[in-house]
Amino acid sequence: MPSEAPGLRFCPGVATLSAMSDTKRDFAAEIRELPEGWVRAMGIEVTYATEDEVRAEWTVEDRHLQAYGIVHGGVHCGAIETLCSIGAAIWGWQHERGVVGLENHTSFLRAVRAGTRLRAVATPVQRGKRTQVWRSEIRDDEDRVVASGQVRLLCLEQGAALGGQGLQPTPFS
């Protein structure tokens, strides 16, 4: 089972879909309970997570900034990829598939400085047996789009080789 995922790490204590019948339920609480990973390190709080929409919020701090004092593009890319990956993974469970990112196209539209509250949302564009495409936007506290992106993810069957191990569907692949 892979231990690392974009922004999240699998936690054995978190329930998997095989133990649940309702994939429309909100998994945000389980995601917030993960003990470590990129999302926690960045101070990003996933506030809503279903197979149809994932939302998160965070306040820009010094750890998010690049040399000019604005949010580093990697933070926007990482947040967009993470939210898209969470939604794709939740959907993938019902098809006994895990997901991994193939492409992330993120555009930086507005500079953001420390103290700004950011909100992100991701929704599916296309979900297929082999790939999924998700779109995400990040908005500031004045509801202006500061970054937008699209992520294409590969759907892998349970047991497929990934980094030398067999892939198992996990809550946060």
| Counting distance only, does the side-chain N/O of Thr50 pair as donor-acceptor with the main-chain N or O of Asp52 below 3.5 Å? | yes
| request: State the CD-CD distance between Glu81 and Glu103, to the nearest 0.5 angstrom. | output: 10.5 Å
| query | Can you get from Leu102 to Leu162 by hopping between Ile, Leu, Val, Met, Phe, Trp and Tyr side chains that sit under 4.5 Å apart? | reply | yes
| task | Tell me, yes or no, whether the heavy-atom count around Asp62 atom CG, taken from other residues, nucleotides or ligands under 6.0 Å, exceeds 12. | result | no
| Under 3.5 Å donor-acceptor, Ser136 side chain and Val121 backbone | yes
| Set of residues satisfying side-chain hydrogen bond (donor to acceptor under 3.5 Å, both in side chains) with respect to Glu53, sequence neighbours excluded | Arg55
| Gap separating the CZ atom of Arg135 from the SG atom of Cys84, nearest 0.5 angstrom | 10.0 Å
| query | Do any N or O atoms from the side chain of Asn104 and from the backbone of Gly149 form a donor-acceptor pair under 3.5 angstrom? | reply | no
| task | Before accepting this row, confirm whether a basic side-chain N of the pair Asp140/Arg113 lies closer than 4.0 Å to the acidic partner's carboxylate O. | result | no
| query | Where the side chain of Arg63 meets the backbone of Ala41, is there a donor-acceptor pair that is under 3.5 Å apart? | reply | yes
Let me have the donor-acceptor pairs involving side chains of residues 64-76, under 3.5 Å, with sequence neighbours excluded, atom names and distances please.
{"unit_1": "His64", "atom_1": "ND1", "unit_2": "Glu61", "atom_2": "N", "d": "2.8"}
{"unit_1": "His64", "atom_1": "NE2", "unit_2": "Met42", "atom_2": "O", "d": "2.6"}
{"unit_1": "Gln66", "atom_1": "OE1", "unit_2": "Tyr68", "atom_2": "N", "d": "2.4"}
{"unit_1": "His72", "atom_1": "ND1", "unit_2": "Gly74", "atom_2": "N", "d": "2.8"}

| query | Counting distance only, does the side-chain N/O of Arg40 pair as donor-acceptor with the main-chain N or O of Arg32 below 3.5 Å? | reply | yes
